[in-house]
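Keep in mind that the numbers below use all heavy atoms, side chains included, and drop hydrogens, waters and symmetry copies. Each ligand, and each atom within it, is numbered from 1 in the order the structure gives.
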Amino acid sequence: EKGTYPHFMLKEIDEQPFVIRKIIQEYQAEDDSIKLNEDVRKAMQKTDRVYIIAAGTSYHAGLVGKQFIEKLANIPVEVHIASEFSYNMPLLSEKPLFIFISQSGETADSRSVLVQTKALGHPALTITNVPGSTLSREADYTLHLHAGPEIAVASTKAYTAQIAVLAILAVDTARVKGLDLSFDPLQELGIVASAMETLTDQKEEFDRLAKEMFETTRNAFFIGRGVDYYVVQEASLKLKEISYIQAEGFAGGELKHGTIALIEEGTPVIAIATQENVNLSIRGNVQEVAARGANTCTVSMKGLEKDSDSFVLPQVHELLTPLVSVIPMQLLAYYAALHRDCDVDKPRNLAKSVTVE
Ligand code: F6R
């Protein structure tokens, strides 16, 4: 039920702080350590390489998850689009572990990979919002997202839930391996939940920005570096699927290798700047497009902001910034669709779960 909300999408955007708190509760043991299925733990300890398989928004969450597992647990990770992997399988390592990320648990492209990798005898873990789903039943192990039903076609709370669960999984793996980490994901996720609330309380701000940037535009570009590059890919998918604006997410440094040719007077370019090591370089990219007439908007993290920024995000742990930087992107997409009179919850040509290959 939508309750007082005009659309499921807006309700689901607003639910994100509660979903994060629910995940903390579900994955916390009584002594405040991480509570996780022992078999999943063992599978993570045994593997020499993780293969994340997913589609769409879940694929974008997988890209963020790769950072966690590589940086925290020190295990190499490949992230693959399910529909590509299924007919073009890369060389596998000796002890692969497959992680399927899927809100619905019903995506046919992902299932096709699961069927193939199971036939090869490789273990599979599904991270899903629907525990009884096909991908959950057919995999060896399941981790639940606890996001509650997601009705809007555009995925929002499932994305942030997937990232949160992947962070917990990565830290747990690191701890079991005996790696010394100062990062406490459950505590840091608590900070994230409050930061998310601060953002969802400022909707008018994003409504105004969306009107200004997207009401009549033909196209839009999003840029970021490092983990922000992963978030801008999600930002552009959100915008295009519900507002029908042609949008792309690019790595900041890649623009000058071709795409910058598309920048005209007034072209919207939205940059995310949450990472200290690339703060100067992403800002250089914003200047390059501004000099060619782009209508730029920078969303930065507190501590890294400049006077010209359109919006400053509350500070969270550097690894977890996608959980907060994506909220303005979801809200911008939502309001862009409203300003263009689009059917927010049921965009044309799309279905909530894609059960054909
Ligand atoms: C985008 C969106 C899709 C899904 C994709 C995978 O908002 O909803 O891109 O993310 O179809 O679906 P699941 O996660 O159910 O496998």
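For atom 14 (O) of ligand 1, the closest heavy atom belonging to the protein is Ser58 OG, 2.5 Å. From the protein, the heavy atom lying nearest to atom 7 (O) of ligand 1 is Glu241 OE2, 2.5 Å. Nearest protein heavy-atom neighbour of atom 5 (C) of ligand 1: Ala55 O, 3.6 Å.
Considering backbone and side-chain atoms together, Gln162 places no N or O closer than 3.5 Å to any N or O of ligand 1. Where the criterion is an N or O separation shorter than 3.5 Å, residue side chain and backbone included, Val153 meets it with respect to ligand 1.
The side chain to side chain contact (heavy atoms under 4.5 Å, CB included) check on Asp207 picks up Tyr335, His339, with sequence neighbours excluded.
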Could you pull out every donor-acceptor pair under 3.5 Å between side chains of residues 88-102 and any protein atom, sequence neighbours left out?
| residue | atom | partner | partner atom | Å |
| --- | --- | --- | --- | --- |
| Ser93 | OG | Asp48 | OD1 | 2.7 |
| Ser102 | OG | Gly105 | N | 2.8 |

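Close contacts of ligand 1 with Ser155, meaning ligand atoms under 4.0 Å from a residue heavy atom, involve 7 (O), 8 (O).
Taking the side chain as every heavy atom from C-beta outward, Tyr59 and His80 never approach each other to under 4.5 Å.
Counting heavy atoms closer than 4.0 Å to ligand 1, residue Thr57 contributes atoms from both its backbone and its side chain. The proximity of Glu106 to ligand 1, defined as any non-hydrogen pair under 4.0 Å, does not occur for either the backbone or the side chain. Proximity of Lys352 to ligand 1, defined as any heavy-atom pair under 4.0 Å, is not found for any part of the residue.
Taking a 4.0 Å cut-off on heavy atoms, His60 fails to register as neighbouring ligand 1. Within the 4.0 Å heavy-atom cutoff, Ser110 does not count among the residues contacting ligand 1.
Of the candidates Thr107, Leu135, Val354, the one placing a heavy atom closest to atom 13 (P) of ligand 1 is Thr107.
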